[in-house]
Amino acid sequence: MASDIYERIYDIVRAVPHGKVTTYGHIAAAIGSRGGARLVGWALNAVAHSDRIDIPCHRVVNRLGELSGKMHFETPYVMRERLEAEGVQFLGEAVDMRHHLWEPPTEA
DNA sequence: ACTTTGACTTGCA
DNA sequence: ATGCAAGCCAAAG
């Protein structure tokens with residue numbers, strides 16, 4: 001299955017702890033595609049367009065901790081609001097990766 | 001069927 | 001330290 005990695009991404013993103021965030025790079029590396037970070041974003045885009053709303057895409061940020069996909073949400077601020085509601089601290093416009101950066105398990 | 005872009009990251013110059 | 005280029009897989013044009 002070509003979209004096998006998609007399942008991998010969905011599973012990881014869905015496994016993100018409450019009040020934490022992860023980066024595309026870590027997810028990509030966890031699925032076996034280090035440079036496949038763009039796939040993660042693409043997968044989430046497909047998710048956002050699908051009924052995969054169970055995927056906390058708002059917990060997925062770029063390596064800078066910025067909510068890169070916030071603009072793809074129904075509202076760009078809803079993402080930050082949601083993260084703050086989970087107890088995530090914001091450093092200006094980026095998430096406090098120092099404490100909220102969650103690294104996905106390098107599952108097989 | 002081929003080409004280009006895409007919610008990114010890392011490496012080299 | 002900063003700038004440019006390459007890489008990854010998939011989907012849309």
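Labels below follow one simple rule: chain letters A, B, ... track the order of the sequence lines, proteins then strands, and each chain is numbered from 1. What you see is a predicted model, and the numbers here were worked out from it, not measured in a lab.
- For the P atoms, the distance from dG3(C) to dA7(B) is 23 Å, rounded to whole Å.
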Seminar exercise, completed: Per-nucleotide protein contact along nucleotides 8-13 of chain B, 5' to 3', at a 4.0 Å heavy-atom cut-off (B base, S sugar-phosphate only, - neither), is BSS---
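- Shown here are the side chain to side chain donor-acceptor pair (under 3.5 Å) partners of H58(A), two or more places apart in sequence or in another chain: E86(A).
- Interatomic distance, I27(A) CD1 to L39(A) CG, rounded to the nearest 0.5 Å: 11.5 Å.
- Partners of D54(A) by salt bridge (charged side-chain N to carboxylate O under 4.0 Å, His left out), not counting sequence neighbours, listed by chain and number: R14(A).
- Atoms CE (M71(A)) and P (dA7(B)) sit 7 Å apart, rounded to a whole Å.
- The salt bridge (Lys or Arg N to Asp or Glu O under 4.0 Å) pairs that include a residue from residues 19-36 of chain A number zero, where partners must be two or more places apart or lie in different chains.
- Qualifying salt bridge (charged side-chain N to carboxylate O under 4.0 Å, His left out) partners for E84(A), counting only residues two or more places apart in sequence or in other chains: R80(A).
- Atom pair Y6(A):OH and dG6(B):P shows a separation of 14 Å (rounding to whole Å applied).
- Rounded to an integer number of Å, the gap from I27(A) CD1 to dC9(C) C1' is 15 Å.
- Distance CD1 (I55(A)) to P (dA7(B)): 19 Å, rounded to an integer number of Å.
- Between Y6(A) and A46(A), the shortest heavy-atom distance links the atoms CE2-CB, 4.1 Å.
- Less than 4.0 Å separates DNA chain B from at least one heavy atom of each of the following residues of residues 72-83 of chain A: H72(A), F73(A).
- Rounding to whole angstrom units, CG of residue N45(A) and C1' of dC8(C) are separated by 17 Å.
- D4(A) places its CG atom 15 Å from the C1' atom of dC8(C), with the value rounded to the nearest Å.
- Residues satisfying the side chain to side chain donor-acceptor pair (under 3.5 Å) criterion with T22(A), sequence neighbours excluded, are absent altogether.
- In this structure, A28(A) reaches neither bases nor backbone, as no heavy-atom distance under 4.0 Å exists between it and the strands shown.
- Here side-chain hydrogen bond (donor to acceptor under 3.5 Å, both in side chains) pairs that include residues 37-46 of chain A, with residues two or more places apart or in two chains, number zero.
- As a whole-Å value, the separation of L39(A) CG from dA12(C) P is 14 Å.
- Rounded to whole angstrom, the span from the CD1 atom of I9(A) across to the P atom of dA7(B) amounts to 14 Å.
- Remark: S33(A) engages no residue in a side chain to side chain donor-acceptor pair (under 3.5 Å) (not counting sequence neighbours).
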